[in-house]
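Before any comments, here is the structure.
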There are 2 protein chains.
Amino acid sequence: MSYESFIGYALNAVDTKNRLSIPAEFRDAIVARSGTKDLYIGPARGLDCLIGYDKSYHQVLQNRLDAQAVDEETAEGAFRAMALFGSTSAFKIDDAGRIVMTAGLKDLGDIAGHVWFVAGGNWFQMWNPYRFLEQAGVEPRMLRILRREMEARGLPMTEPAR
Amino acid sequence: MSYESFIGYALNAVDTKNRLSIPAEFRDAIVARSGTKDLYIGPARGLDCLIGYDKSYHQVLQNRLDAQAVDEETAEGAFRAMALFGSTSAFKIDDAGRIVMTAGLKDLGDIAGHVWFVAGGNWFQMWNPYRFLEQAGVEPRMLRILRREMEARGLPMTEPAR
DNA sequence: TGGGTCTCAATGGATATTCATGGTCTGGAA
DNA sequence: TTCCAGACCATGAATATCCATTGAGACCCA
């Protein structure tokens, strides 16, 4: 695959109306990859964060599921399909480059006031920055970058009560 | 692969608006190698500097990642992809041959007023000149060349406080 | 070989555009 | 009517784009 890749990172705020700006670079990549402004967001497997991707990669995931010849009438197959489709939401990015976070997604990703976007090529992750700092196995450099961004915005380094 | 190689060195200034001229020779190599003006910059592994490369070499790195055949939907696979894509920045070189250094990159590479570019074939390194002078294992000849460049620009040989 | 001219790279400054974010308005559901 | 979601408008900061300057080197010609 030689699509445009998701590259880089960003730390954006969720406002009082649950609106969230998608980083401009990611928006451009979404359009370049899929030709649409559609953004799919679901839970990340095995990590305490969300994962976002464009329509073309959603297709890839679906094909992968199909290729596994999962029988959707078995319990296992049904659960797999549900994991992909059930908890995933599709958004259309508005003219200001934002989406409205649903309560369900905020809950899934443990999202509060800010979202830490980190690119992974064909997708990007969306973290509660404090969950990211606590996460084992993260490249120390990425932690350093995030701390710097939090500092630049005056965010406390330890999570405020909510 | 027999692309055009990155060859040579240069010492360029970062201005008050964080703009940085990419050496003309490197710019030409980027276009010759990839057909684009895209420049990727990320942290160098194990060295206190940044590494820059063109799109074709980025593809090589990506293929190397794919070859490891790590399922990117596992936590480990995701972290690997993030180490490559997350901490890297993509720039489009402007008509004057410059990019704008982000705060994050300056921090990662400990970059201040000047950048010392050193070619390495398929990529080039970007150093804070004082970090380069301190670096163990560097060819003495390269140190001499850098000192000469610094002198020509009136830079002090010991790092000024910042 | 020495001057003179020309070109281009690196850099500086001014202006225009975009981004992230906040607020306001309005129509329709409750 | 009251409340909420969505469309629309507003703004400051960050970024990109455009034009100007200077100095070094390439080139040419007598």
Side-chain angles (χ1 to χ4, degrees), chain A residues 6-32 37-39 52 89-106 111-117 119 124 126 129 148-155, chain B residues 6-32 36-39 41 52 89-107 111-117 119 124 126 129 145 148-155:
Chain A
F6 292 107
I7 287 185
Y9 56 85
L11 178 61
N12 288 352
V14 180
D15 72 14
T16 54
K17 299 167 75 176
N18 285 323
R19 293 179 298 188
L20 171 66
S21 284
I22 305 303
E25 287 187 56
F26 291 3
R27 299 201 304 258
D28 293 343
I30 287 174
V31 173
K37 286 188 176 181
D38 295 346
L39 169 60
S89 309
F91 296 89
K92 189 166 289 290
I93 299 173
D94 73 16
D95 291 339
R98 295 189 275 202
I99 62 169
V100 178
M101 293 287 284
T102 63
L105 269 187
K106 284 184 72 173
I111 301 296
H114 291 259
V115 173
W116 172 235
F117 293 85
F124 56 86
M126 298 166 63
R148 173 174 233 308
E149 292 290 327
M150 291 171 70
E151 200 185 327
R153 255 152 245 261
L155 290 193
Chain B
F6 292 107
I7 289 180
Y9 56 85
L11 178 61
N12 288 352
V14 179
D15 72 15
T16 54
K17 296 161 81 173
N18 285 324
R19 293 180 297 190
L20 171 66
S21 284
I22 305 303
E25 287 186 63
F26 291 4
R27 300 201 304 258
D28 294 343
I30 287 173
V31 172
T36 74
K37 287 189 175 181
D38 295 346
L39 169 59
I41 302 180
S89 303
F91 298 90
K92 189 166 288 291
I93 299 175
D94 72 17
D95 291 339
R98 295 188 276 200
I99 61 168
V100 178
M101 293 288 282
T102 63
L105 270 186
K106 285 184 71 174
D107 185 57
I111 301 295
H114 290 259
V115 173
W116 173 234
F117 293 86
F124 55 86
M126 298 167 64
I145 292 174
R148 203 166 65 75
E149 292 289 329
M150 291 171 70
E151 202 185 327
R153 254 152 247 259
L155 290 192

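Note on naming: letters A, B, ... go to the chains in the order of the sequence lines (proteins, then strands), and numbering restarts at 1 for each one.
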Every protein N/O within reach of nucleotides 5-7 of chain C N/O, cut-off under 3.5 Å:
none

For the ring-ring contact (aromatic ring centres under 6.0 Å, His included) test, which of A:Tyr9, A:Trp116, A:Phe26 pairs with A:Phe124? A:Phe26
Looking at side-chain heavy atoms only, is the closest gap between A:Asn12 and A:Val115 below 4.5 Å? no
Under 4.0 Å protein heavy-atom contacts per nucleotide of nucleotides 11-30 of chain C, with B for base, S for backbone only and - for none: BBBB----SSBBBB------
Looking at CZ of B:Arg98 and CD1 of B:Ile22, how far apart are the two atoms once the value is rounded to the nearest 0.5 Å? 11.0 Å
So, for B:His114 and B:Pro129, which heavy atoms are closest and what is the spacing to 0.1 Å? O-CD, 3.3 Å
Once you round it to whole Å, what is the distance between P of D:dC9 and CG of A:Asp94? 14 Å
Under the salt bridge (Lys or Arg N to Asp or Glu O under 4.0 Å) rule, what pairs show up with a residue in residues 19-30 of chain B, not counting sequence neighbours? B:Asp15-B:Arg19
To the nearest 0.5 Å, tell me how far A:Ile99 CD1 sits from A:Leu39 CG. 5.5 Å
Does B:Leu11 offer a backbone N or O that forms a donor-acceptor pair with the side chain of B:Arg153 under 3.5 Å? yes
Rounded at 0.5 Å granularity, tell me how far CD1 in A:Ile111 sits from CG in A:Leu105. 8.5 Å
Rounded to whole angstroms, how far apart are CD1 on B:Ile93 and C1' on D:dA16? 15 Å
